[in-house]
Amino acid sequence: MCGFIVAKNSFKYLAQGEKMNNAIITRFPPSPTGYLHLGGARTALFNWLYARHTHGRFVLRIEDTDVERSTQASVDAIFEALEWLGIDWDEGPYFQSKRIDIYKGYINKLIESGHAYYCTCSPERLEEMRSKAMASGGKPKYDGTCREKGLRPSGHAAVRFKAPLSGNTIVEDRIRGNIVFDNNELDDFIIARSDGMPTYNLAVVVDDITMNINMILRGDDHISNTPKQIQLYNAFGASVPVFGHVPMVLGHDRTRLSKRHGAMSVTAYRDMGYHPEAMINFLVRLGWSYGDQEFFTRQELVEKFNLEHIGKAAGVFNPEKLLALNAEHIRASSDETISVHLLPFLKQKGIHAEKGDYLNAVIGTLKQRSKTFIEMADGAEFYFQEKVTLDESAAVKFLTPAVLEPLRQIFQALESTDKFDQPTLEKIFTEILEKTGLKFGKIAQPIRVALTGKTVSPGIFEMMETLGKEQVIGRVKAAIDYIEKAS
RNA sequence: GGUCCCAUCGUCUAGUGGCCUAGGACGCUGGCCUCUCACGCCGGAAACACGGGUUCGAUCCCCGUUGGGACCA
């Protein structure tokens, strides 16, 4: 009985699925004119998360029709950034430059159906018209000279969209509600230049129609393009996708993010030792919220992301918060995961470490105190040196004759123990301290300097256990020799 | 200039008419813990842009002002 009902329901669901009416299809359409910056990455992330959240599809499309500014290097940089962030796509990448014929076909459809017309107005005349309109306080829009002429195609004619002259075009925005545009404000915009190349709005709409995109999340700098695009959808008889315009990411001075705000490219943060999980957590929380929760894993983001909690106000990029979040993600990651990210930075420092128990133990002692992987690599350096590089002032301050005797006793005790784990080591130290009447505080820094060469490091005992007996007694001996030689 | 969007601590934000003496996070700051540095814990300063309405009651709804932003030139 029960099984029957379930079967019936799943059948119903499948039937809808076959028509593809209920699968959300989102997209990310970057222009390859530079690296992927933080704002773009966030847009990509929102679309990716929404697709994953709804078990829909995510399409990648490269908008490279601007041949002057598009480069292969930028395309590669975008792929690299997306890969680092863990944003994968189900379809594409499509390249607009390879779809020109498709756009031309759709332009012809509009001409044939009477929704577009050829226009031979000269740029000079248009410019004159524009400045005249501006001077008299009017709107600089096309006056419709060629609208009803029924011009035939010719070598130098542009194509204009025959836009509705009255009424409203309403953008039903999932984030902002309805935005109403008076069709009077819009004009017969160009959809094909005189050389036959499609314009931005035409290409985007044709792509989104042919790729079955039904959900468009993009920056709110696109709001004013939207009514034009909706009119195109209507002219093509295509169903209009759901729009959601997300607020922009601003620099500290509340202006559009640019070079002078510091590092903006996503991969720059990778190179500065940031954790991709922290990056996506940060980017998503900039403009989206889930109550008071600040920390999210990728999995949680996929589960919890929704459109309801996307804010409307533009947000300022706050590098300090990203740093704090990075530290938190490092702390929350497994030693194995961290090792994958840390290895390149160790290599950069000339340290030839490899994955395994030793590296994991090293990371274990460092992850509470590292805000970035670079910091961690710096902090890990002493673990991989055969001989400690003594920091001059540290040595002078802490490796003094006063600690020579205690160090000798410690050396002997360490040499004669077989077990080298933290509890054993602590016990050894307690006994020596009791015997000598020394406070641990007096001997801790000298030991630290002996083991690492520096005054800042992980805890004494965890370091000792990680380094192992041989390394530890070697380093303590070296410190004793140093003091003897200096005095 | 026109059109459109936006407005809670310095920053990211919670809040959808009474639960607000406005909550959390970063940052700042006082303290605790402590072998250094961190982590952690306890505490503090810090905001509803302004003016009108609507309502018994507005951070929350409406209008305007101001201020920011985007797009079109």
Side-chain angles (χ1 to χ4, degrees), chain A residues 126-127 129-131 133-142 169 171 173 175-187 189 200-201 218-228 245-257 281-295 308-328 330-332 365-371 375-376 378-379 394 397-398 425-426 429 433 438-449 451-452 454-464:
Chain A
L126 292 170
E127 184 48 46
M129 212 169 68
R130 205 172 287 145
S131 45
M134 290 280 278
S136 61
K139 297 168 189 100
K141 56 179 233 182
Y142 183 63
T169 298
V171 178
D173 192 296
I175 295 167
R176 279 148 216 276
N178 287 180
I179 306 169
V180 182
F181 289 85
D182 191 330
N183 289 341
N184 258 321
E185 298 293 337
L186 278 14
D187 68 349
F189 57 92
Y200 171 76
N201 282 316
R218 66 198 344 180
D220 65 14
D221 49 335
H222 284 286
I223 290 180
S224 37
N225 279 326
T226 312
K228 294 178 187 176
H245 288 95
V246 309
M248 312 210 60
V249 180
L250 272 25
H252 55 81
D253 56 0
R254 295 208 147 270
T255 63
R256 205 187 178 124
L257 214 51
N281 188 162
F282 173 78
L283 250 16
V284 175
R285 269 292 282 110
L286 181 51
W288 175 80
S289 62
Y290 193 80
D292 281 342
Q293 190 172 344
E294 299 281 349
F295 182 93
E308 283 68 48
H309 293 101
I310 296 178
K312 296 179 185 177
V316 174
F317 167 61
N318 180 187
E320 283 165 344
K321 185 138 184 171
L322 172 58
L323 220 211
L325 213 40
N326 200 52
E328 206 174 334
I330 287 177
R331 266 178 260 135
T365 68
L366 253 19
K367 70 180 179 187
Q368 300 295 118
R369 56 196 103 233
S370 307
K371 287 193 192 312
E375 248 185 68
M376 189 180 273
D378 288 343
K397 186 166 179 196
F398 293 110
L425 293 165
E426 281 187 57
F429 268 73
L433 291 175
L438 264 176
K439 284 258 199 268
F440 186 59
K442 288 282 176 204
I443 198 69
Q445 280 304 75
I447 292 279
R448 187 182 315 285
V449 173
L451 296 177
T452 71
K454 289 181 290 219
T455 54
V456 174
S457 82
I460 300 285
F461 302 114
E462 48 178 336
M463 278 196 297
M464 285 185 159

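Hydrogens, waters and symmetry mates play no part in the numbers below; they use all other heavy atoms, side chains included. A, B, ... follow the sequence lines: proteins, then strands. Residue 1 opens every chain.
Atom-to-atom, CE of M248(A) to P of C4(B) comes out at 19 Å; the value is rounded to the nearest Å. Atom-to-atom, NZ of K312(A) to C1' of C6(B) comes out at 9 Å; the value is rounded to the nearest Å. To the nearest angstrom, C1' of U11(B) lies 14 Å from CG of L323(A).
Across all strands shown, the partner of A49(B) is U65(B), judged by Watson-Crick or G-U wobble contacts whose two distances both fall under 3.5 Å. In this entry C37(B) has no Watson-Crick or G-U wobble partner, no candidate having both defining distances under 3.5 Å. Base pairing of G2(B) is made with C71(B), judged by Watson-Crick or G-U wobble geometry with both donor-acceptor distances under 3.5 Å.
Using a 4.0 Å heavy-atom cutoff across all strands shown, E294(A) reaches at least one base atom of the nucleic acid. The residue G287(A) sits close only to the backbone: its heavy atoms come under 4.0 Å of sugar-phosphate atoms, none of a base. Among the atoms of the strands shown, only primed sugar atoms or phosphate atoms (P, OP1, OP2) are found under 4.0 Å from some heavy atom of I223(A). Contacts of G459(A) with the nucleic acid, taken as non-hydrogen atoms under 4.0 Å apart, include base atoms. Among the protein residues, P458(A) comes within range of the nucleic acid bases, having at least one heavy atom under 4.0 Å from a base atom. Residue contacts shown for S289(A) are limited to sugar-phosphate atoms, with no base heavy atom under 4.0 Å away.
Taking only side-chain atoms of R448(A), from C-beta outward, the nucleotide of G24(B), U36(B), A7(B) with the closest atom is U36(B). Comparing G23(B), C71(B), C37(B) by their nearest atom to the side chain of V456(A) picks out C37(B). With G15(B), C35(B), C26(B) as the candidates, the nucleotide lying closest to the side chain of Q445(A) is C35(B). Residue I179(A) has its side chain nearest to C4(B) when only C37(B), U13(B), C4(B) are considered. Taking only side-chain atoms of F181(A), from C-beta outward, the nucleotide of C12(B), C4(B), C35(B) with the closest atom is C4(B). Side-chain proximity of S457(A) to C5(B), U36(B), C39(B): nearest is U36(B). In the set G27(B), U3(B), C12(B), the nucleotide with an atom closest to the side chain of E320(A) is G27(B). Listed candidates were C6(B), G27(B), C71(B). Nearest to the side chain of A324(A) is G27(B).
More than 90° away from 0 lies the glycosidic angle of C12(B), which makes this nucleotide anti.
When all heavy atoms of L325(A) and E294(A) are compared, the pair lying nearest together is CD1-O, 4.2 Å.
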task: Go through the steps for I175(A) and H245(A) under the test side-chain contact (heavy atoms from CB on, under 4.5 Å), then give the verdict.
output: CA-CA 6 Å; I175(A) 295 167; H245(A) 288 95; 5.7 Å; no

